[in-house]
Engineer: 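The structure's right below; bear with me while I get my questions together.
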Protein chains: 2
Amino acid sequence: MTQYCYDYPRPAVTTDICLFTVVDDDLKILLIRRGLEPFRGSWALPGGFLQETETLDQCAARELAEETGVQGAHLEAFATFSAPDRDPRFRVITAAYFALVPAQAHALASGSDADEARWHSMAKLPKLAFDHRDIIRAAREALIARLDREPLALALLPARFTLTQVQKVYEAVEGQPLDKRNFRRSFLARGWIQETGDMERGRQRPAMLFEKI
Amino acid sequence: MTQYCYDYPRPAVTTDICLFTVVDDDLKILLIRRGLEPFRGSWALPGGFLQETETLDQCAARELAEETGVQGAHLEAFATFSAPDRDPRFRVITAAYFALVPAQAHALASGSDADEARWHSMAKLPKLAFDHRDIIRAAREALIARLDREPLALALLPARFTLTQVQKVYEAVEGQPLDKRNFRRSFLARGWIQETGDMERGRQRPAMLFEKI
DNA sequence: ATGCTAAAGTGTTATGCATACACTTATACA
DNA sequence: TGTATAAGTGTATGCATAACACTTTAGCAT
């Protein structure tokens, strides 16, 4: 911290949010098509400028709700991006967050400053604005790294879920198949979930429904 | 990212650096006594304002050099602090870094905006300015978490070192004793270091000197 | 009712890794 | 030469991980 009076130009500060979900065994990210320059027409991460009275965490939650209608997602900061020329207009540094929601029908509201919001498969991303491709790559790495330490997979699932659904979340995020018996044994051993006693009935043998402890 | 013209007040952006070293089996952090208000006379982390043409990483390295004379330290960002009232003067958000240097004689220069720089034992910290106590607590947790995944301990040691020195670094950071044989076996298994062939001669049996691969 | 389909559910073995634990060796120095 | 001090070394045990295939249960079509 300096002691002299501070009158240098200040950078703008934003949050950008990588909102993930898993649909049909596929990891998807929510992108917004930009309506204005720069990068008009390109896809970009939801996000926006920090306001005077809010923390970065609050900013990320607010911008996500405003631009996509998603509330209550699991939000976690994972990195900051600060290259001086990352925004062609003026200096902007951004705190990058990842967010997780269950793959249900979300009312994907087009917010005030976003034309169109759509889920994109992580397998084939479109051309992206700014350095958002770098941010997304870092987000996926952060997500994979934390998936084994925290019960993040549960944030990608509805309140009640089957073990096979959990396994498919892991497979989608990590991009590789897992052994069924080993996965069940080790995941149950974490003590993150418990049986509900109810069964999910489908076309085949019913599956036990679990819930977060 | 928004599309409207951006003319809101911008927060100031700083970096704060938790510079650690291990001296006499004790984890120490470098603090600077503030010469001006606010918190005049309190101890604080080195750090300062982001300049227009530099990244946050560059800012942290520059501020560390300016305020303490330390160059070439291992620097890593671990969190961002953004509570709106964390600085009583005006809005400041800070990117927090930890930095690691070997416990050698460092010319602890008193920089332009710092009266006095001194190593403090993490065991008993003085009263600290701003939210720096929170930042330091988070830095130690981040350091412990990464010590097992990256060869960070080597950044706290000179270029050539003995295995006992490495063990003492781990013990100082984690705050608990470790088994000698198990530590050596598992640390060597990481493949981070190699024998130099030279021995360190002291008052007792000579110890093999190792170096980073 | 019966058979077919599809996903749920379940155990054992082998291997590697973490843990606990004590004595011998090499040097400096008195 | 003997004493003090830190360096250096091996094994046995438990635990977690990895590999691997078949049985069970229901829905549905015939």
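Since the model is a prediction, treat every value here as computed from it, not as a measurement. We name chains A, B, ... by the order of the sequence lines, and we start the count at 1 in each one.
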Engineer: Quick check on DNA chain D: between B/L209 and B/R203, whose nearest nucleotide comes earlier from the 5' end?
Structural biologist: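 First, find each residue's nearest nucleotide; the 5'-ward one identifies B/R203.
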Engineer: More 5' along DNA chain C: A/D179 or A/P206, using each one's nearest nucleotide?
Structural biologist: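 Between the two, 5'-proximity favours A/P206.
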Engineer: Can you measure A/M208 atom CE to C/dA8 atom P for me and round it to whole angstrom units?
Structural biologist: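 That distance rounds to 13 Å.
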Engineer: Quick one: which of C/dT10, D/dG10, C/dA28 gets closest to the side chain of B/R181?
Structural biologist: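 Minimum distance to the B/R181 side chain belongs to D/dG10.
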Engineer: Which one of B/L45, B/L100, B/L143 satisfies the side chain to side chain contact (heavy atoms under 4.5 Å, CB included) criterion with B/C18?
Structural biologist: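 That would be B/L45; it is the only one of B/L45, B/L100, B/L143 passing the side chain to side chain contact (heavy atoms under 4.5 Å, CB included) with B/C18.
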Engineer: Just the rounded figure in Å: distance from P of C/dT10 to CZ of A/R205.
Structural biologist: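 Value for this atom pair: 7 Å.
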Engineer: Are the aromatic ring centres of A/Y170 and A/F187 under 6.0 angstrom apart?
Structural biologist: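 Yes, close enough.
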Engineer: Starting at atom NZ of B/K168, determine the distance to atom P of D/dT5, rounded to an integer number of angstrom.
Structural biologist: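 B/K168 atom NZ is separated from D/dT5 atom P by 13 Å.
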Engineer: Quickly work out the A/Y170 OH to D/dT17 C1' distance and round it to whole Å.
Structural biologist: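 These atoms are roughly 16 Å apart.
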Engineer: Going by side-chain hydrogen bond (donor to acceptor under 3.5 Å, both in side chains), name the pairs with one or both residues in residues 198-213 of chain A, residues two or more places apart or in two chains.
Structural biologist: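 Those involving residues 198-213 of chain A are A/R160-A/D198, A/Q194-A/E211.
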Engineer: Taking atom P of D/dG8 as reference, at what distance in whole Å does atom CG of B/N182 sit?
Structural biologist: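 Rounded to whole Å, this separation is 16 Å.
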Engineer: Checking all strands, does B/S186 fall into the base, sugar-phosphate, or nothing category for heavy-atom contacts under 4.0 angstrom?
Structural biologist: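 Touches nothing.
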Engineer: Could you check how far CZ of A/R185 sits from P of C/dT13, rounded to whole Å?
Structural biologist: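 The distance from CZ of A/R185 to P of C/dT13 comes to 13 Å, rounded to the nearest Å.
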Engineer: Should B/T164 be listed as having a side-chain N or O under 4.0 Å from OP1 or OP2 of D/dA6?
Structural biologist: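 Checking B/T164 against D/dA6: no side-chain N or O falls below 4.0 Å of OP1 or OP2.
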Engineer: Judged by each residue's nearest nucleotide on DNA chain D, which is more toward the 5′ side, A/Q204 or B/F210?
Structural biologist: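 Checking each residue's closest nucleotide, the 5'-ward one belongs to B/F210.
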Engineer: May I ask you to check whether B/F20 and B/F98 place their ring centers less than 6.0 Å from one another?
Structural biologist: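 Judged by ring-centre distance (under 6.0 Å), B/F20 and B/F98 do not meet the cut-off.
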Engineer: Rounded off to whole Å, could you give me the CG-to-P distance for the B/L178 and C/dA18 pair?
Structural biologist: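 About 13 Å, once rounded to whole Å.
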Engineer: Between C/dA7 atom P and A/Q165 atom CD, what is the distance in whole Å?
Structural biologist: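 Nearest whole value for this atom pair: 13 Å.
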Engineer: Quick one: do A/F183 and A/T164 satisfy side chain to side chain contact (heavy atoms under 4.5 Å, CB included)? Show the steps, please.
Structural biologist: CA-CA 9 Å; A/F183 176 81; A/T164 298; over 6 Å; no
